[in-house]
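Data first, discussion second: the structure below is written as structure tokens.
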Amino acid sequence: MAEKTLNTFEIVQQQIKEACDALGETQEVYEILKQPQSCLEVSIPVRMDNGELKIFEGYRSLHNDAVGPGKGGVRFHQNVSRDEVKALSAWMTFKCGIAGIPYGGGKGGIVVDPRDLSQGEVERMSRAYIKAIAPVIGEKVDIPAPDVNTTPQIMAWMVDEYSMLQGKNTPAVITGKPLEFGGSLARFEATGYGVALMMREAFKAKGKEMKGSKVAVQGFGNVGRFAALYAEQLGAKVVAISDVSCCLYNEKGLDVKALFDYVTIPENKNMIKGFKGADAEYDRNKVFEMDVDLFSPCALENAITTETVNKIKADIIVEGANGPTTPEADKVINEKGIFLVPDILSNGGGVMVSYFEWVQNLQNYYWSFEEVQEKQEVKMVKAFDDIYALKEKHNVTMRVAAFMMAIKRVADAMRVRGWVK
Ligand code: NAD
């Protein structure tokens, strides 16, 4: 039976309510946080290659800027809607609160399937979108970034357009830029690296050694690949990796770097199937059943359901993907006593290094790869420790504690600013 699905905006409002109640927060705090501060709807005129003028619908939502300017991606997708953008901007407020970075939440999008557009049309649409939302963004106001179907190249066009409108160079208005134009080193690796760091902290919290432990990773895209690579570097044996094509298993641990090289061979089409360094190649869903210490879903949302959760043997789960666990499966995880590090904490490395990119742009001084990773490690470990302490204090799950931490940060800022009692 299909599990109950809520509209994303309803889910986020429910999460805010639960966290406010757990914290004993005032009704005023809930009333402010349950809606974004503003959500701008724009029409975006684009001259198409065939000479026609087409009007696209776009949004930019600023959820809350009590802690600092808004921060959040821009997605180009046919399913973008006002409600989705509002929900995602709220999640960004919490993600930034959890990461301990001085931002609020923002999100934007255009209702479009970019596969239907030429490169020139995408560029003109990106520039027209920035022109339309220029009054509500800015280096100290709201800072967009890439999201679904938007790339560093698109960010470069957007910054170029915004800089022309301002009559000055403004690289810090958008993050996720190419390295040649103000991007940060270690940004590409950041999300997966952060997931691996959270694996290490989870092992520590459980009183277990990561060195020699057995790990299974679902997904071998940007997140899964670097999560697996850094997990291996931190001493784990990554015995199972899956992607859309299959699940690979090697009792002694897969050679992740060799698998990286394998998937980048053009005829392998970015897929792991056929890799020679495995003892066995199974159906992709076998990854849930592996006899491992830690399972990390890094592929897509709703991967852990009431059906798959009962196959999991690991006693630690570190979420790399966004929303990989359904609420019903989450309950089973808690009942079974599996220690889970929630997505909102464990995949926050990307937004953290976006923050570092912004800091570097504002200073016009750039850090080395190692400096960025060191700073990421310090911040992520602190976030884990703070959330773990809150979890222990209130006897709640890591997921609830993470939301409580985020809401507390925003509520405290709103209170000292005099917005709420
Ligand atoms: P990606 O498209 O690069 O990779 C997705 C991977 O999942 C691919 O290897 C694909 O083969 C695999 N996959 C798809 N369906 C599968 C299935 N049924 N079983 C097993 N594997 C399957 O995406 P990504 O950038 O790695 O993002 C993965 C998840 O992490 C998404 O939920 C995304 O929203 C989230 N996320 C990504 C970032 C980031 O910086 N890239 C940051 C935060 C969160």
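All ligand and atom numbering here is 1-based and tracks the order in the structure. Keep in mind the model is a prediction, meaning the values are calculated, not measured.
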Requested in this report: Starting at NZ of K391, measure out to CZ of R399 and round the result to the nearest 0.5 Å.
Outcome: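 Rounded to the nearest 0.5 Å, the NZ-CZ separation comes to 13.0 Å.
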
Query raised in the report: Taking only residues two or more places apart in sequence, or in another chain, which ones meet Y30 in a ring pair (Phe, Tyr, Trp, His ring centres under 6.0 Å)?
Result: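 Expected list: none.
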
Query raised in the report: Looking just at side-chain N and O atoms, do Q37 and D65 make a donor-acceptor pair shorter than 3.5 Å?
Result: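 Result is yes, a qualifying pair exists.
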
Query raised in the report: Can you tell me if N347 and K95 form a side-chain donor-acceptor pair at under 3.5 Å?
Result: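 Yes, because at least one side-chain N or O of N347 sits under 3.5 Å from a partner of the opposite role on K95.
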
Report task. Kindly say whether the aromatic ring centers of F56 and Y129 come within a distance under 6.0 Å. Result ->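 No - the distance between ring centres of F56 and Y129 does not fall below the 6.0 Å cut-off.
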
Query raised in the report: Under 6.0 Å between the ring centres of F188 and F369?
Result: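 No - the distance between ring centres of F188 and F369 does not fall below the 6.0 Å cut-off.
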
Requested in this report: Using a strict cut-off of under 4.0 Å between a residue heavy atom and any atom of ligand 1, list the qualifying protein residues by chain and number.
Outcome: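 Close residues (ligand 1, cut-off 4.0 Å): T191, Q218, G219, F220, G221, N222, V223, S242, D243, V244, R284, C298, A299, L300, G320, A321, N322, N347.
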
